[in-house]
Engineer: 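The structure under discussion is supplied below as structure tokens; questions concerning it will follow.
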2 protein chains.
Amino acid sequence: MNEHSKSGKRIEIEGVVAQGKLQRLLDALPPELRTEMIPLWQSIRFAPGDVLIEDGEVADRIGFVADGFLAMSKTLQDRHRHIIGLITPSDMFGRAFNGPSGYRIEALSDGAVLTCDRQKFEAILARSHAAERLFLLSILDELDAAREWVMVLGSSKVVERLASLLIILSRHKYRTLESCARDNIRLGLHIHIKRVDIAHLLGTSPESLSRAFHQLEREGAIRIVTPYDIEISNLGTLVDISGNSLEMRDA
Amino acid sequence: MNEHSKSGKRIEIEGVVAQGKLQRLLDALPPELRTEMIPLWQSIRFAPGDVLIEDGEVADRIGFVADGFLAMSKTLQDRHRHIIGLITPSDMFGRAFNGPSGYRIEALSDGAVLTCDRQKFEAILARSHAAERLFLLSILDELDAAREWVMVLGSSKVVERLASLLIILSRHKYRTLESCARDNIRLGLHIHIKRVDIAHLLGTSPESLSRAFHQLEREGAIRIVTPYDIEISNLGTLVDISGNSLEMRDA
DNA sequence: CGCGGCGTTGAACACGGTCAATTCTTGTGG
DNA sequence: CCACAAGAATTGACCGTGTTCAACGCCGCG
């Protein structure tokens with residue numbers, strides 16, 4: 001995927017390789033800070049259900065997802081579980097600069113992260129204006145994502161929300177989504193996330209979610225190969241159903 | 001309205017006074033930058049329906065709300081209007097560092113903002129590490145707010161969402177909400193926002209919203225003095241209904 | 001083989017969206 | 001000061017949708 005070797009300086013621990021935002025951050029650092037930064041990192045592999053940071057816990061580590069899906073979640077006193085947001089490869093988690101994490105960080109699939117002591121990470125950032133600027137930009141990305149999610153949850157119908165989710169997930173996977181729309185190409189989507197989790201992410205129940213999936217299939221937008229293996233057969237109708245226009249942003 | 005003394009370094013233009021985040025930002029600047037920053041600002045008063053930044057427009061100005069409520073909104077091609085988030089006094093709007101605003105910024109009530117050329121603002125920030133750090137923190141606040149909002153919209157029932165909204169609004173007004181909960185004090189809330197707007201904010205219709213308001217009143221959580229003048233008669237039950245636990249953060 | 005997790009399906013009912021009609025308020029002009 | 005009109009909030013009735021509870025099928029694993 002990303003074979004761009006700009007220099008010999010990259011992070012790779014036990015087969016887990018830095019990419020995306022973390023790599024760019026690293027590239028932005030001056031050489032001496034980069035050398036200092038690299039040994040701070042360690043890799044952690046996770047499996048569905050693993051809790052990386054507990055709700056309310058003071059997170060002393062921050063991390064970048066290398067592979068798989070994490071979620072920010074919260075369970076209310078009536079035992080109802082909400083998933084506030086997905087954390088996808090290249091995304092950061094754990095709150096830098098700003099106190100304890102207000103949410104639980106849990107794994108929804110298998111995967112791996114690279115983590116680093118928060119204090120040391122911040123200290124190095126503080127010494128590079130360029131890197132800290134880059135970091136600010138990635139926070140702005142998170143803000144965008146959160147707001148986009150607010151949009152999605154604003155639509156009343158579950159099918160619409162599911163359609164939006166599928167579009168967002170495709171965006172992560174395929175860069176040039178517009179051309180796919182034009183050419184009506186079929187996109188394969190592997191979702192390693194359980195139905196219950198998707199349901200909680202969309203603020204609905206597994207049952208309604210199932211019906212929504214099959215409604216999308218009836219209307220010809222997708223094809224359900226296996227529950228974890230969706231094929232987007234017609235992106236156009238999917239976009240129609242979602243109610244949104246087809247916008248592109250990078251992850 | 002604000003009776004602060006004009007002595008010393010503060011921004012005050014045509015009666016609109018800097019406060020909250022903007023004031024703190026200014027305080028963090030070294031004196032010479034502060035002197036440079038102050039004349040850049042100008043005040044704008046707004047009335048309900050005013051559009052400060054159009055959707056998709058490249059915003060060349062950023063601003064801080066001094067008084068009143070703005071909203072980030074978006075209308076989809078099916079003419080359905082979504083309000084993504086409230087912008088309350090002390091909040092910033094307009095996207096610094098990062099391209100065009102993806103949303104329309106419109107006024108929901110009367111009020112005033114202080115605005116500044118984006119480029120110049122960024123340029124000054126770039127020369128003060130402390131100020132830029134402070135700015136980053138305020139973005140983190142925005143992120144929190146957006147995610148809290150995702151939580152709120154995740155609940156399926158309108159009453160719950162309305163209850164959450166009222167709690168959030170009270171938090172902005174009253175600092176020590178816990179003690180109010182203990183003592184069961186009555187809190188007055190003036191909402192200068194039209195029902196339609198609140199409805200779109202909560203992802204529902206004016207009709208359902210009205211029913212939710214009156215359901216809250218029937219259950220003894222609030223008292224509706226006038227549509228724009230709510231009294232929280234029992235914060236405890238309001239919190240119960242919202243499904244959330246009572247958390248406090250600063251605005 | 002049977003158990004348990006997970007996805008799906010069915011049926012009953014509650015909730016919210018929609019359309020229409022009614023009140024309440026506000027502002028305007030006579 | 002009153003009448004009237006326009007905008008906003010509310011209420012009612014109807015119906016689509018989602019939630020809930022229950023049952024069923026599928027599959028992997030002990």
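All chains are named by letter (A, B, ...) in the order of the sequence lines, taking the proteins before the strands, and each is independently numbered beginning at 1.
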Engineer: Is the shortest side-chain N/O distance from B:Tyr228 to OP1 or OP2 of D:dA9 below 4.0 Å?
Structural biologist: yes

Engineer: Distance check needed: C:dC15 C1' versus B:Leu162 CG, whole Å only.
Structural biologist: 15 Å

Engineer: Output the rounded distance in Å from CD1 (A:Ile224) to P (D:dC26).
Structural biologist: 16 Å

Engineer: Without decimals, in angstroms, what is the distance between A:Asp229 CG and C:dG7 C1'?
Structural biologist: 15 Å

Engineer: Are A:Tyr228 and A:Leu189 packed together at the side-chain level, in the sense that at least one heavy-atom pair is separated by less than 4.5 angstrom?
Structural biologist: no

Engineer: In whole Å, what is the span from the CD atom of A:Glu217 to the C1' atom of C:dT8?
Structural biologist: 12 Å

Engineer: With the side chain counted from C-beta on, respond yes when B:Leu153 and A:Trp149 share a heavy-atom pair under 4.5 Å apart, and no when they do not.
Structural biologist: no

Engineer: Kindly state which residues belonging to residues 199-215 of chain B come within less than 4.0 angstrom of DNA chain C, counting heavy atoms of the residue only, listed by number.
Structural biologist: B:Gly203, B:Thr204, B:Ser205, B:Glu207, B:Ser208, B:Arg211

Engineer: Output the rounded distance in Å from CZ (B:Arg161) to C1' (C:dC15).
Structural biologist: 11 Å

Engineer: Checking salt bridge (charged side-chain N to carboxylate O under 4.0 Å, His left out) for the pair B:Glu106/B:Lys74: CA distance, chi angles, key distance, verdict?
Structural biologist: CA-CA 10 Å; B:Glu106 65 178 297; B:Lys74 208 170 173 83; over 6 Å; no

Engineer: Starting at CD1 of B:Ile193 and ending at P of D:dA8, how long is that distance when rounded to a whole Å?
Structural biologist: 14 Å

Engineer: Rounded to the nearest angstrom, tell me the gap between atom CD1 in A:Ile230 and atom P in C:dG7.
Structural biologist: 11 Å

Engineer: According to the interplanar angle, ranging from 0 to 90°, do the rings of A:His192 and A:His190 count as parallel (below 30°), tilted (30 to 60°) or perpendicular (above 60°)?
Structural biologist: parallel

Engineer: Sequence neighbours left out, cut at 3.5 Å: what donor-acceptor pairs do the side chains of residues 45-55 of chain A make with other protein atoms?
Structural biologist:
unit_1: A:Arg45; atom_1: NH2; unit_2: A:Glu14; atom_2: O; d: 2.9
unit_1: A:Asp50; atom_1: OD2; unit_2: A:Ala47; atom_2: N; d: 2.8
unit_1: A:Glu54; atom_1: OE2; unit_2: A:Arg104; atom_2: NE; d: 3.0
unit_1: A:Glu54; atom_1: OE2; unit_2: A:Arg104; atom_2: NH2; d: 3.4

Engineer: Find the distance A:Lys194:NZ to C:dG4:P and express it as a whole number of Å.
Structural biologist: 17 Å

Engineer: Has A:Arg218 got its NZ or CZ under 6.0 Å from the middle of the six-membered ring of A:Phe213, at an angle within 45 degrees of the ring axis?
Structural biologist: no

